[in-house]
There are 2 protein chains.
Amino acid sequence: MTLADVARAAGVSESTASRAFTRPDLIRDDTVERIKRFAAELGYSVDPHARALSTGRTQNIALIVPDIANPFFPPLVREVESGAEQADFAVFLGDSDERASREKVLVDRLSRQVDGFILASPRMPEEQIRELAARTPTVVINRDVEGVHRVLVDAATGVREAVDLLAAMGHTSIAYLAGPAETWADQERRAAVLGAAEAAGVRAGVIELGRPSYEAGRECVGSLIATGATAAVAFDDVIAHGVLAGFSLVGLNVPADFSVVGCDDVLAATTLPALTTVSGGSAASGAEALSTLLALIDDSATAPERTAIDAHLVHRASVAPARHIRR
Amino acid sequence: MTLADVARAAGVSESTASRAFTRPDLIRDDTVERIKRFAAELGYSVDPHARALSTGRTQNIALIVPDIANPFFPPLVREVESGAEQADFAVFLGDSDERASREKVLVDRLSRQVDGFILASPRMPEEQIRELAARTPTVVINRDVEGVHRVLVDAATGVREAVDLLAAMGHTSIAYLAGPAETWADQERRAAVLGAAEAAGVRAGVIELGRPSYEAGRECVGSLIATGATAAVAFDDVIAHGVLAGFSLVGLNVPADFSVVGCDDVLAATTLPALTTVSGGSAASGAEALSTLLALIDDSATAPERTAIDAHLVHRASVAPARHIRR
DNA sequence: TTGAAAGCGGTACCAT
DNA sequence: ATGGTACCGCTTTCAA
């Protein structure tokens, strides 16, 4: 079924038939109605390719994530999805497997058939991101690329709240369980922990974990205890969850013996004990990125802005007053 | 940059330039090479819409899931993603929010711009699925629609293994914590538990939970104990995880006081105690569905087949010999 | 082995 | 308010 068929059936020209869908205000109401009736009858629907070829707009966007299996992303994806749907956009999903090279491949593959990109925690060189943004409406999540629209989860605030709480509870030595050092999120959280600790007069060490995984968290407990810290702030909930398990394995109790704070609040209250964590981010950043992108697609003249998503500490059960463990 | 530009630069006709990419065997090697060199130099890449308009093929597929935030799906998505990428396909992701109506909307929106669909655990009426499959290459995951290509995770086998193990460990009364009764997965698992229990001479009850959630699992522990069962097989890991928490809250120990078996193995060993569960499904079903779909796109004459993905019991720590709880 | 030209299905400018 | 028509960028007969 093509427009021509509909036009013929309705006894109008192709132009008129086309306008019935795109600019109905230019056509007499009854004509519009008649055309639409025939269209429905014939089961007509526009060919997105033909339309895109002619208009240069696709009504598609691309969302690229480093790892859909990382629990931070599904809520984000969901939000982008549903928002896009409402705005009558479809979304391509790309999973870069945390590799800059695959990101590039995905972007190149997709760039001709989308009106814009959302890059979540991209690993690409800043230069490439800027180049892309210059060509195509693009918004970046959790990467602070100057000159590009970006939405950043301001975990720093929540992390500071966590450190302050810990300090107030008598912890004098804490540890930051670091994630991938090349990510903006880690850099920001690391600095926040260190800064807040210094401000609060608390000693703070860093344990490098690299890829944020449950196992990494579980296995760092030994060295964590060895640092003499009585509390830890983890790069994310996944690591914190692993730490919980690690303590349980060595027979120590959280929070009685040791306090643990997570980040992202993606495990909600499903850990034991329920994780005190920095909440707010995943879903909200997705929603914000999408609306920014849609605005950008509508009017690419918008000046690049930096949007911060608030994230605050949620106090659950994994934090308690300091009590020193056997050394 | 269009093909015409490349052709002009290389001093050949558009036809020749086109063939250099699509049918290089028809063109003299050195000509092909020259054209490709100019194309690279000019930064040319084909316009997918133009190509699709002309060939009717898009090199895109759509993957529709009921809820990307359900941990069963991310590994599946990941697998489809990476496989598609390798086959030079891009993938649209749709999240139906568990609603048949949204599934339909997504399918209609996407059907003109994809070469095929993968529907994961679709809620749509069978009739609609068959209609779609008749029009467009389609493969369904975890729904047994006669006459349509489908891949089904054969959790039944694993569930039977679980029941047998439980029986062997002296459990004489078990419970099935049911998921959404309208899903194929629940129907299959439910029947498997009941059947295996009867075969093993074990009493089996069903507790309806509806939407499979951590909370539902946690809150059903009271009624679970009330049934007099000493072990439970849950519809999925998420529920089982909740059950674990529920027991912990009432001060009972799993597996000493009660045995719990999950399904899907999506939480891996991240629960405490590590969950004994029916493993193998998510990622494998994604991979299988993709390769089936690609074959189907290549040659839509293939007879609809039903593929079963093996899923077996993985014995971890949440199961132990029966020991009756205080009644 | 290469070129000319007719579409693929719409859109939008220019007329009427 | 409606129609005629030239593209949009590429593929693919048909000829040469």
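Note: hydrogens, waters and symmetry copies are ignored here, and every other heavy atom, side chains too, is used. Proteins get letters first, then strands, A, B, ... in listed order; numbering begins at 1 in each.
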#### Entry: Residues which pass side chain to side chain contact (heavy atoms under 4.5 Å, CB included) with Pro137(B), listed by chain and number, not counting sequence neighbours
Leu293(B), Leu296(B), Ile297(B)
### Message
Restricting to side chain to side chain contact (heavy atoms under 4.5 Å, CB included), what partner residues turn up for Glu131(B), sequence neighbours left out?
### Response
none
Between protein and nucleotides 5-9 of chain C, what N or O pairs are separated by less than 3.5 Å?
from   : atom 1 : to       : atom 2 : distance (Å)
dA5(C) : N6     : Ser15(B) : OG     : 3.4
dG9(C) : N2     : Ala50(A) : O      : 3.3

### Query
Do the charged groups of Asp88(B) and Arg109(A) touch, with an N to O distance under 4.0 Å?
yes
### Query
Should the pair Lys104(A)-Asp108(A) be classified as a salt bridge under the 4.0 Å nitrogen-to-oxygen rule?
yes
### Query
Can you pull the contact range of chain A along DNA chain D, 5' to 3', using atoms under 4.0 angstrom from its heavy atoms?
dA1(D) to dG9(D)
## Note on the structure
Applying salt bridge (charged side-chain N to carboxylate O under 4.0 Å, His left out) to Glu98(A) and not counting sequence neighbours gives Arg123(A), Arg211(A)
### Task
Please state whether the rings of His49(B) and His49(A) are parallel, tilted or perpendicular, taking 30° and 60° as the class boundaries.
tilted
### Message
Just to verify, what does Thr136(A) make a side chain to side chain contact (heavy atoms under 4.5 Å, CB included) with, not counting sequence neighbours?
### Response
Phe117(A), Leu132(A), Thr138(A)
### Task
Flag the pair Glu127(A) and Arg130(A) as a salt bridge only when some basic side-chain nitrogen lies within less than 4.0 angstrom of an acidic carboxylate oxygen.
yes
### Message
With a 6.0 Å cut-off (strictly less than), is the heavy-atom count around CD of Glu146(A), excluding the residue itself, greater than 12?
### Response
no
### Non-neighbouring partners of Ser45(A) that pass side chain to side chain contact (heavy atoms under 4.5 Å, CB included), sequence neighbours left out
Arg112(B)
### Query
Taking only side-chain nitrogens and oxygens of Thr16(B), does any of them come within less than 4.0 Å of OP1 or OP2 of dG3(C)?
yes
### Ile68(B) side chain reached by Leu93(A) side chain, heavy atoms, under 4.5 Å
no
Report, one pair per line, the protein and nucleotides 14-16 of chain C atoms (nitrogen or oxygen only) whose separation is under 3.5 Å.
none

### Query
How would you list, by chain and number, every residue that makes a salt bridge (charged side-chain N to carboxylate O under 4.0 Å, His left out) with Asp25(A), sequence neighbours excluded?
Arg23(A)
### Query
Would you call Asp95(B) and Arg102(B) a salt bridge, using N to O less than 4.0 angstrom?
no
### Message
Holding to ring-ring contact (aromatic ring centres under 6.0 Å, His included), I want the full list of residues that pass it with Phe38(B), two or more places apart in sequence or in another chain.
### Response
none
#### Entry: Side chains of Arg19(A) and Val32(A) in contact at under 4.5 Å (non-hydrogen atoms)
no
### Query
Taking five pairs at each end of the helix from dT1(C)-dA16(D) to dT16(C)-dA1(D), what angle separates the two helix axes (nearest 10°)?
30°
### Proximity to DNA chain C (any heavy atom under 4.0 Å), residues of residues 24-43 of chain A only
none
